Amino acid sequence: MSIFHFKYFSIQQTNAALKVGTDAMLLGSFVQAEGKKKALDIGTGTGVLSLMQAQKNNELNITAIEIDSAACQDAQFNFSQSPFPNQIKLIEGDFLKIDFQEKFDVIYSNPPYYQNALKSENTSTNLAKHVGELSPNLLCEKVATLLAIKGQLWLIWPFDKRENFIQSAADNGLFLEQEIQLEGKPEQPVRSIFCFSKNKIEKPQKRNFAIRNSNNQYSIEYIELTEQYHDRKL
């Protein structure tokens, strides 16, 4: 599908390697952008996460970073055609090499997380899906320098590698505040959505979230969470 339609905007995804999927829908829905002023989107791809946050908060100024030129074409088109073109600034470049001059209230990312897996012949696909130079440690190290004192980092990561990421974050002064364990079906966790902050919390909030029910239909909680974005019932 080259175009994905939401209630208030559409996503062209002809060029980007990573298409709109359940991961983006869930992460974008869970990110708490309300009341924030400055946001940073690391690896924006088609721009879907930033458009979802702009819809939540019309006072949010968003900087969206993307290293892949092809994905930038889609993101720029999607931003310009949306109701929120003045809220989002797109920068093409390597997140690790960009010298930011500001702090952010909320940072979010759907980062590449495949490790030691067979790579594609497509360079854009590898950038979008496979851990390269943007390792968890380097990601957290730089985010820690960019996050405002009361800021939050939101991202999605494979459930079976969750402990390693939580440790990398803690090593860089980012502590788990919330964890939403995503279940493909009830009691079958596949991903975790994390919220980190600079404040160490003794007992982070944890919850399970079933994407589909035992009949393989979207769960009621998934439909209710995402209904502000979908232009039709699932």
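Note that this is a predicted model, so its numbers are computed, not measured.
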ILVMFWY cluster, [X] and [Y] together (side-chain gap under 4.5 Å):
X    : Y    : answer
L90  : F77  : no
L176 : I201 : no
F175 : F30  : no

- Honestly, is K142 close enough over F95, meaning NZ or CZ under 6.0 Å from the six-membered ring centre and within 45° of the axis?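 Yes, a cation-pi geometry holds between K142 and F95.
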- Task: Identify whether NZ of Lys or CZ of Arg in R191 sits under 6.0 Å from the centre of the six-membered ring of F159 and within 45° of that ring's axis.
- Result: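 Negative - R191 is either too far from the ring of F159 or too far off its axis.
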Do the non-hydrogen side-chain atoms of [X] and [Y] ever get within less than 4.5 Å of each other?
X    : Y    : value
V31  : L49  : no
N164 : W157 : no
Q13  : F4   : yes
I3   : I11  : no
S50  : F79  : yes
W154 : F196 : no
Q81  : F9   : no

What distance separates [X] [atom1] from [Y] [atom2], expressed to the nearest 0.5 Å?
X    : Y    : atom1 : atom2 : result
L138 : E141 : CG    : CD    : 6.0 Å
S82  : I88  : OG    : CD1   : 5.5 Å
L153 : C195 : CG    : SG    : 7.5 Å

- Message: Determine whether L26 and Y222 satisfy the following criterion, side chain to side chain contact (heavy atoms under 4.5 Å, CB included), listing intermediate values before the conclusion.
- Response: CA-CA 8 Å; L26 286 164; Y222 178 84; 3.6 Å; yes
Can you name the nearest heavy-atom pair linking [X] to [Y], along with the distance?
X   : Y    : value
K7  : Q228 : CD-O, 3.5 Å
G28 : Y229 : O-OH, 4.0 Å
A75 : G47  : CB-N, 4.2 Å

- Message: Using the side-chain contact (heavy atoms from CB on, under 4.5 Å) definition, which of the options L155, V143, T63 pairs with I107?
- Response: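 Of all the options given, the one that passes is V143.
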- Item | Test applied, side-chain contact (heavy atoms from CB on, under 4.5 Å); reference residue, I67; option that passes from I42, D94, I91 |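 The residue from I42, D94, I91 that satisfies side-chain contact (heavy atoms from CB on, under 4.5 Å) with I67 turns out to be D94.
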- Item | More than 12 heavy atoms of other groups within 6.0 Å of E59 CD |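 Not more than 12 within 6.0 Å, no.
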- Near E187 CD, under 6.0 Å, is it more than 12 heavy atoms from other residues, nucleotides or ligands?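 It does not: E187 CD has 12 such atoms or fewer within range.
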- Message: Closer than 4.0 angstrom, basic N to acidic O: yes or no for R207 and E221?
- Response: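 Here R207 pairs with E221 in a salt bridge, since their nearest N and O are under 4.0 Å apart.
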- Item | Verdict with reasoning, N137 to N172, per side chain to side chain donor-acceptor pair (under 3.5 Å) | CA-CA 8 Å; N137 186 65; N172 289 283; 3.1 Å; yes
- Message: In this structure, is the centre-to-centre distance between the rings of F84 and Y8 below 6.0 Å?
- Response: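 No; F84 has its ring centre 6.0 Å or more from that of Y8.
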Using only atom types and a distance under 3.5 Å, with no angle test, would you say the side chain of [X] pairs donor to acceptor with the backbone of [Y]?
X    : Y    : answer
K200 : G173 : no
D105 : K37  : yes
K103 : I149 : no
N110 : L27  : no
K198 : L147 : yes
Q87  : L60  : yes
Q181 : N208 : no
D74  : N15  : yes
K56  : M52  : no
Q217 : N213 : no

- Do the rings of F6 and H230 sit parallel, tilted or perpendicular, given the 30° and 60° boundaries?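 Rings of F6 and H230: parallel, as their planes differ by under 30°.
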If you measure only the distance, is there a donor-acceptor pair under 3.5 Å linking the side chains of [X] and [Y]?
X    : Y    : value
Q53  : N57  : no
D41  : T44  : yes
T226 : Y218 : no
S69  : E92  : yes
N78  : Q76  : no
S197 : E177 : yes

- Apply side chain to side chain contact (heavy atoms under 4.5 Å, CB included) to K185 and list each qualifying residue two or more places apart in sequence or on a separate chain.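 For K185 the side chain to side chain contact (heavy atoms under 4.5 Å, CB included) partners, ignoring immediate neighbours, are Q188, N216.
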